[in-house]
Each structure stands twice: as structure tokens, then as C-alpha cells.
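None of these values were measured; they are calculated from a predicted model.
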Amino acid sequence: MGFEEESGDTELTAYQVVANAPKIQPASTRRSWMTGTAEHFAYMCLPVVAANVSGWELLCPSEFTACWDGGAERDSLRVEMSSSDAWTPLSHFGHGILTFDTGYVFRTSPGHNLWVKGPTNESKDGLSPLEGVIETDWLPYTFTMNYRFTRPNHTVRFEKDEPFCLIHPMPGNYLNRIKPALRLLNQNHELDIQHHDWARARRSWNVERLIPGTAAASAKWRRDYLRGQTATGEKAERHAGAESLRPFQDERP
């Protein structure tokens, strides 16, 4: 039995709590490391690009630096803001954990949570984002975004308007509704044929693209997944790719 189709939109509302709350925007496809790859080839990986934009980003209101000396105490982590600001990341838990106040009470439709994490497919040397799933269909207070320093005496910097958090709505108890199964590929005759067609096409393409003047050498990439098709050109019934999300509509007085 498949999942029941939901009708209508799912609500995601951010109720501002602090005066200088972070800006919120749909996550961007762009990543500096991806742009830096040869001929920007990283953007040819649609699963990576689609993950990049799967949520909304919270942006730093101010630039700052932070450094952890390796101790467990809260004052072992020091934050220096570039200017006086009401919004300041801090050492709330100790143990090299840097805490960001999101500045909002988030509410989702009944039965929906928020997956809270660092920006997807982005990294910051010396920090590891801590992820959490928040029951925002009832929660009446704010939550924080946290990072853990991975080594002491290393200064990290966040720029103004740099994303520090990504929120991704998801159905509550969704994973409990998944029915995992393990089978051999030849138990699904149609899928077995499609996979072997793909494997043969890929092997042939990888040989041909090394031969100057061939179609594969000129195209460089097969782009089957980008086009939402199998190796034989059969189109998928549903192929969303990297979806564009709606921005938050400002309904504040």
C-alpha cells in the first residue's frame, strides 16, 4: 500500500522573536567549491544540486569569528563580533559547541517536523554541524542551531549573510511508515533489464569519451539523469530535479 496523497499546501510559518532575527531565504544551488571545479562539472550532478536547494537557509545578521581552546568549559570558546549587535552566537553548552539562536518560533502543519541542519553540501574547516529533528507542529518556543569544533585553537569565520542553518520540513513519523525490503535484482525483471542497459551504455560511453572527435568526447556527459530518462531514452513519469522553493511571504505588520 502506498502513502496517502495529501491535498493542499503544508504550512511553514516563522514567528519573529528577536529584533535582529536572521534573514530566511530559499537555499541556493550555488556552492563555491562546486563553482571551483573544472568547467563547473559538479553542477552536472543533479542529486547534489537538488539537495542544495531542499530547504530554506537562515543567514548570519553579522560577521564574527570564533575559536575554541580545547576545554570543556563554556568560556573555552570565545566569539568576537565585528560590531555591536543584539544577535550573537555563543558558547551555551561548553565542550567546543557553538550555538546560534534562530530568532524565530517555527510552526508547521499538524504532523510535520523540521529537519534542522547545516547548509547542504557545504563545509567549514574546523566545524561540524549538529543536526536535529524538531516537532514544530506544537513547539511554542525557539530552538538553536549548533556546531561542534573539530579541533582546538583554530579560528573560524562567518560572514554577514552567510548561511548557518538549513530547515527542511518533513512529515512526522515518516520513517516509521517505510517498509524496507532486500531482494536480488533479477527478482524484478524490468528493473534488471533497465540496469543492464544502463551499465552497458555507461561502459561504452566511458570508452568513447576518451576518443577525440566522438560524440561522447564532445558531449562529455550522458545527462540521462538530468533529462529524467533511462539509458534507452524512456522518460520517467515523474522527474522533479532541483525544485524552486517559495520565499517566505512577509506578513508582519
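- Formation of a donor-acceptor pair under 3.5 Å by the Trp68 side chain with backbone atoms of Leu98 is not found in this model.
- At least one donor-acceptor pair closer than 3.5 Å links the side chain of Gln16 to the backbone N or O of Val18.
- Between His195 atom NE2 and Asn188 atom CG the span is 12.0 Å, to the nearest 0.5 Å.
- Across Thr37, Thr29, Thr35, Asn52, a single residue satisfies side-chain hydrogen bond (donor to acceptor under 3.5 Å, both in side chains) together with Tyr43, and that is Thr35.
- Looking at every heavy atom in both residues, Trp115 comes nearest to Lys117 through CD1-CD, 3.9 Å.
- There is a path of hydrophobic side-chain contacts, each under 4.5 Å, that joins Phe248 to Leu245.
- Val116 and Trp138 fall within the same hydrophobic cluster, defined by Ile, Leu, Val, Met, Phe, Trp and Tyr side-chain heavy atoms under 4.5 Å apart, directly or through other members.
- The backbone N or O of Tyr225 sits less than 3.5 Å from a side-chain atom of His239, completing a donor-acceptor pair.
- Ile24 and Ile134 fall within the same hydrophobic cluster, defined by Ile, Leu, Val, Met, Phe, Trp and Tyr side-chain heavy atoms under 4.5 Å apart, directly or through other members.
- When only modelled atom types and interatomic distance are considered, Asn206 and Arg209 share a side-chain donor-acceptor pair under 3.5 Å.
- The structure places CG of Leu12 at 7.0 Å from OG1 of Thr108, a figure rounded to the nearest 0.5 Å.
- Side-chain N or O atoms of Arg30 include none that pairs as donor or acceptor with a backbone N or O of Ser28 at under 3.5 Å.
- When side chains are defined from C-beta on, Leu166 does not count as touching Trp56, because their heavy atoms never get closer than 4.5 Å.
- In this structure, the side chain of Thr144 does not engage the main chain of Thr99 through any donor-acceptor pair within 3.5 Å.
- Arg246 has its side chain within reach of Asp9: a pair of non-hydrogen atoms, C-beta onward, lies under 4.5 Å apart.
- Lys124 has no carboxylate O lying under 4.0 Å from a charged side-chain N of Glu122, or vice versa, which leaves the two without a salt bridge.
- Within a 6.0 Å radius of CG in Asn173, no more than 12 heavy atoms belonging to other residues, nucleotides or ligands are found.
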Inset, instruction - Determine, stepwise, if the pair Asn113 / Tyr174 fulfils side-chain contact (heavy atoms from CB on, under 4.5 Å). - result: CA-CA 10 Å; Asn113 300 331; Tyr174 173 71; over 6 Å; no
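- Side chain of His112 to main chain of Pro169: no donor-acceptor pair is present (N/O by atom type, distance under 3.5 Å, no hydrogens or angles).
- Linking Ile, Leu, Val, Met, Phe, Trp and Tyr whenever their side-chain heavy atoms come within less than 4.5 Å leaves Ile167 and Leu130 in two separate clusters.
- A donor-acceptor contact shorter than 3.5 Å is absent between the side chain of Thr214 and the backbone of Leu210.
- In Glu80, the CD atom is not crowded: 12 or fewer heavy atoms of neighbouring residues, nucleotides or ligands sit closer than 6.0 Å.
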Legend entry - Worked verdict on Val48 versus Met34 for side-chain contact (heavy atoms from CB on, under 4.5 Å): CA-CA 10 Å; Val48 170; Met34 295 175 70; 3.7 Å; yes
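- Contact record, Lys220 with Trp205: O-NE1, 3.6 Å, taken as the closest heavy-atom pair.
- Taking OG1 of Thr232 as the start and CD of Gln194 as the end, the distance is 7.0 Å to the nearest 0.5 Å.
- Applying the 6.0 Å contact sphere to CD of Gln187 captures more than 12 heavy atoms from other residues, nucleotides or ligands.
- Distance alone, capped at 3.5 Å, is enough to place a donor-acceptor pair between the Thr150 side chain and the Gly126 backbone.
- Of all non-hydrogen atoms in Phe158 and Pro163, the two that sit nearest each other are CE2-O, 4.4 Å.
- From Asn146, atom CG reaches atom CZ of Phe93 across 5.0 Å, with rounding to the nearest 0.5 Å.
- Side-chain rings of Phe164 and Phe64 stay apart, their centers remaining 6.0 Å or farther from each other.
- Here the side chain of Arg227 pairs a donor or acceptor atom with the backbone of Arg222 at under 3.5 angstrom.
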Inset, instruction - Report the C-alpha distance between Glu234 and Asp197 in whole Å, list the side-chain angles of each, state the deciding distance to 0.1 Å, and finish with yes or no for side-chain contact (heavy atoms from CB on, under 4.5 Å). - result: CA-CA 12 Å; Glu234 181 182 353; Asp197 286 342; over 6 Å; no
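- Using a cutoff of 4.0 Å between basic side-chain nitrogens and carboxylate oxygens, Arg107 and Glu11 are not scored as salt-bridged.
- Taken to the nearest 0.5 Å, the CE atom of Met44 stands 3.5 Å off from the CZ atom of Arg223.
- Here the closest non-hydrogen pair linking Asp137 and Ser109 is CB-O, 3.5 Å.
- Minimum interatomic distance between Asp101 and Trp87 (heavy atoms only, all atoms of both residues): O-NE1, 3.0 Å.
- You'll find the side chain of Glu243 stays beyond 4.5 Å of the side chain of Val53, heavy atoms only.
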Using distance only, find each side-chain donor-acceptor pair of residues 71-79 under 3.5 Å and give its atom names and separation, not counting sequence neighbours.
from	atom 1	to	atom 2	distance (Å)
Glu73	OE1	Ser76	OG	3.2
Ser76	OG	Asp69	OD1	3.3
Ser76	OG	Glu73	O	3.4

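- Here the closest non-hydrogen pair linking Cys165 and Pro119 is N-CD, 4.1 Å.
- In the hydrophobic cluster analysis, where Ile, Leu, Val, Met, Phe, Trp and Tyr join through side-chain heavy atoms closer than 4.5 angstrom, Val156 is grouped together with Phe100.
- A donor-acceptor distance shorter than 3.5 angstrom exists from the side chain of Tyr104 to the backbone of Pro22, with no hydrogens or angles considered.
- Distance check, rounded to the nearest 0.5 Å: OG1 of Thr155 to CG of Asp125 gives 11.0 Å.
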Inset, instruction - Determine, stepwise, if the pair Tyr141 / Leu139 fulfils side-chain contact (heavy atoms from CB on, under 4.5 Å). - result: CA-CA 6 Å; Tyr141 45 86; Leu139 192 75; 3.2 Å; yes
